[in-house]
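Because the structure is predicted, anything quoted here is derived from the model rather than measured. Lettering follows sequence order; numbering is per chain, from 1.
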Number of protein chains: 2
Amino acid sequence: MDSTVTIKDVAERAGVSAGTASRVLSGNPATSAAARERVRAAAAELGYRPDARARALRSARSHAVGLLVSDVRNPFFADIAHGAEQAALAASYVTLLANANEDTAQQDIYLEAFLTQRVDGIIIAPQGEGGGNLRALERARTPLVFVDRTVEGFDVPSVTADNAQGVELAVAHLAAEGHTRIGYIGGPRSVSTGRARHDAFLAAVARHGLEEDPELITAGDFRRASGGTAATALLSGRKPPTALLAADSLMAVGALGAVRRQGRRIGSDLALVAFDNIDWFGELAPPLTVVAHDARELGEHAMRLVLDVIEGRPAESVVLPMHLVVRESSTGRAAGA
Amino acid sequence: MDSTVTIKDVAERAGVSAGTASRVLSGNPATSAAARERVRAAAAELGYRPDARARALRSARSHAVGLLVSDVRNPFFADIAHGAEQAALAASYVTLLANANEDTAQQDIYLEAFLTQRVDGIIIAPQGEGGGNLRALERARTPLVFVDRTVEGFDVPSVTADNAQGVELAVAHLAAEGHTRIGYIGGPRSVSTGRARHDAFLAAVARHGLEEDPELITAGDFRRASGGTAATALLSGRKPPTALLAADSLMAVGALGAVRRQGRRIGSDLALVAFDNIDWFGELAPPLTVVAHDARELGEHAMRLVLDVIEGRPAESVVLPMHLVVRESSTGRAAGA
DNA sequence: GCGCGGCGTGGAATCGATTCCATAGAATCG
DNA sequence: CGATTCTATGGAATCGATTCCACGCCGCGC
């Protein structure tokens, strides 16, 4: 009844050799009906549970996929993890979830751990310039897939969102609402989504003929506090914006608090559009307008992609569309320009 | 340069046997300075990365701890995971994070996976009555620790919060603000925290001489939607409450939306106190009053506890205190009783 | 100068499961 | 009925690292 039941114990109880027991349990057809029955019974009675490590050691397949997200506490990544996990489960793979905590050093630690655990594949929302263990990964030939973000110079399949399109949707919407001064709270340039959204914002502003004022552009680090700092800076400029666009949900929340502390109200005094459609953004007062991509779908796609690579099927990168969910945070009377 | 560098390759390059190479790399003192130097050089040159599975197989220690949370998308559990992970890292253990998704079947799947992976220990925020693989775990003698929640009939160390105290703090605060009709949005009775908070609420209401009306008591499932349903029901009763107490953060968010859709405002029209101090609760308009326990600390404690059990040190259950963080959601003028 | 203790090392066994190989016995065919 | 193929099986090798055992060699002591 102990957990130390090995296949030998099962074999002995069934009166067969370990080889035969293994064949029965792995569904090898070269087994007699009698052996099948007795081995299965013995396994059930003893509560046999194969040792995944021994199995993986011999058969060079661990049936585990490492998933390294940048920040578990960011609901967007939690959703990605959830989607990936469900997809893995459906293919009877196990997901090992690890958290880089927006920190390159910690990212390296977990990549190292994945490598020594000999996972069959790795999904990562990478950060940094691609130094450290990312290069080691490439050398180790472990199947790798990028999700949400990419790193230049890596020929790796990825699942990303159409950031340029998302930004364009947001800016077009705000422009249509009559805004001409939009403050942008961007992400770090060390992350691909940070760069893509930044560039797309500049382009969209130009395209719609809005005010191109460098004072309207700020950059945070995708964490909450930086959104507050950025919003405060934007609102205390000489000529503050009438609308804000935040490049991720955590910074949007930070901005929310900063705006409130300045005594201004989202929706009526100031429009706000955020990236990432977090579940509860629709429950707030006022509900937030967002540029959304389905994080769960992102995760599912990424998992399917890495399984494709692992199992030798062709794998193509995917770019998912973004869409605009208009809520009240951007449709109170627009402050006149 | 491939990842298939074994200790034999290292040994060969260094001109020693595999045994000696192993001794050098594991810091065994019975090695000569010459061997140490050459083995280390060879390992570095070849990019040797020991195979964790082979190592674990032989030495019966995987240096991995399984962490099974009820719902990764609940920020409270994401914080627990984060705390546990950091504590594990400090002790050079790896955390395998899995998500039960508030589903007993999925909980069993991952417990099974942990067992076959032969993790050294498991931390779980359990759900259900303790059937299924929870019993198998006990038999397998895998070190086990409960976090946040417990299951009756298991003699397992745990890290929990003082729920009774938390509820009492919340009710006392609301009573002091002049409320006599408090609506309670509780959790499921199948979860220990759901039961504890429910019972504590009844006791606190009685103790403070508030109205004991069964219509004021509702129960959700710790998910967002159920909080909205419960709040709607409470507010459309014959004599609606003037304050709400929600037993977790997701249900509080659901309630937030329901209240807004009813055209009432948190803070001025209706007080709200929530369990769990989610980062961004302080940023909302109005900021939410919460009964808080430090989720990260909960996770850290749980990890330390399970490592104590694994390494044979005595392990004592811990009950962490809760405290009240008063913000504006409960201090607008109290609606008169 | 001989013996004994200790250090460093190579070789082999081991962990648990899978898989190759050889073989015994049954089944099939001419 | 003998030769051959096929099937089920046991035994052994294997995966990669650790650890036990035994041995050679050095130095020290008598």
Closest non-hydrogen atom pair between A/Q117 and B/S62, with its separation: NE2-O, 4.5 Å
Select base, sugar-phosphate, or nothing to describe what B/R23 touches, counting heavy atoms under 4.0 Å on all strands. base
So, with a heavy-atom separation below 4.0 Å from DNA chain D, the residues of residues 24-33 of chain A are A/P29, A/A30, A/T31, A/S32
Distance under 6.0 Å and angle within 45° of ring axis: A/R40 vs A/Y48: no
Please check if the side chain of A/D9 supplies one atom and the backbone of A/T6 the other of a donor-acceptor pair under 3.5 Å. yes
So, for B/A64 and B/Y93, which heavy atoms are closest and what is the spacing to 0.1 Å? N-CD2, 3.9 Å
Select base, sugar-phosphate, or nothing to describe what B/A60 touches, counting heavy atoms under 4.0 Å on all strands. nothing
Tell me which one of B/V156, B/L144, B/V306 satisfies side chain to side chain contact (heavy atoms under 4.5 Å, CB included) with B/I122. B/L144
Is a side-chain donor-acceptor pair under 3.5 Å present for B/T116 with A/R55? no
For the helix from C/dG1-D/dC30 to C/dG30-D/dC1, how many degrees between its two end axes (five pairs per end), to the nearest 10°? 60°
Atom pairs, N/O to N/O, protein against nucleotides 4-6 of chain D, distance under 3.5 Å?
none

Which of A/Q107, A/R149, A/Q127, A/Q106 passes side chain to side chain donor-acceptor pair (under 3.5 Å) with A/S70? It is A/R149
Suppose we screen for salt bridge (charged side-chain N to carboxylate O under 4.0 Å, His left out). Which residues come up paired with B/E37, at least two apart in sequence or across chains? none
Would you grab the first and last nucleotide of DNA chain C (5' to 3') that comes under 4.0 Å of any non-hydrogen atom in chain A? C/dG16 to C/dC20
Using a heavy-atom cut-off of 4.0 Å across all strands, would you classify A/A21 as base, sugar-phosphate, or nothing? nothing
For B/E300, side-chain contact (heavy atoms from CB on, under 4.5 Å) partners two or more places apart: B/A87, B/R296, B/R304
